Structures are given as structure tokens and as C-alpha cells.
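In what follows, a single structure is set out as C-alpha cells and then discussed.
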Amino acid sequence: MTNDDGTATAFCYCGWSADHATPEAADTDAERHQTAADAAESALAA
């Protein structure tokens with residue numbers, strides 16, 4: 001989500017969120033979060 005001041009907030013269905021200076025940084029962090037969550041889920045299934 002892009003905020004009125006030009007910053008951006010990344011959200012996840014799990015409840016995680018993080019504020020960033022740019023939408024690009026928020027997208028990158030959201031991707032990192034999702035990749036980490038997928039890796040943790042895979043490790044639990046093993």
C-alpha cells in the first residue's frame with residue numbers, strides 16, 4: 001500500500017507488516033518475507 005507521504009507499507013495475510021521509504025522497498029521486503037515463510041513451512045513439513 002502506498003501512503004499519502006510517499007512511503008509504502010507491505011502487508012501479509014499472516015499479520016506481518018512493515019513500513020518502507022519507497023514502494024519498491026516494500027515489494028522487495030514482502031517478497032523476502034514470503035520466501036522466508038515458504039522456507040519455514042517447507043522445513044516444518046520435512
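It should be emphasised that the depicted structure is a prediction, and the values quoted were computed from it without experimental measurement.
Residues satisfying the side-chain contact (heavy atoms from CB on, under 4.5 Å) criterion with Thr7, sequence neighbours excluded, are Asn3, Asp5. Taking Asp4 as the reference, nothing meets the side-chain contact (heavy atoms from CB on, under 4.5 Å) condition, with sequence neighbours excluded.
Using a 4.5 Å heavy-atom cutoff, the side chains of Arg32 and Asp29 are in contact. In this structure the side chain of Gln34 reaches within 4.5 angstrom of the side chain of Tyr13, judged on heavy atoms.
Scanning both residues, His20 and Ala26, for their nearest heavy atoms gives CD2-CA, 3.5 Å. Between Ala10 and Ala30, the shortest heavy-atom contact is CB-CB, 4.0 Å.
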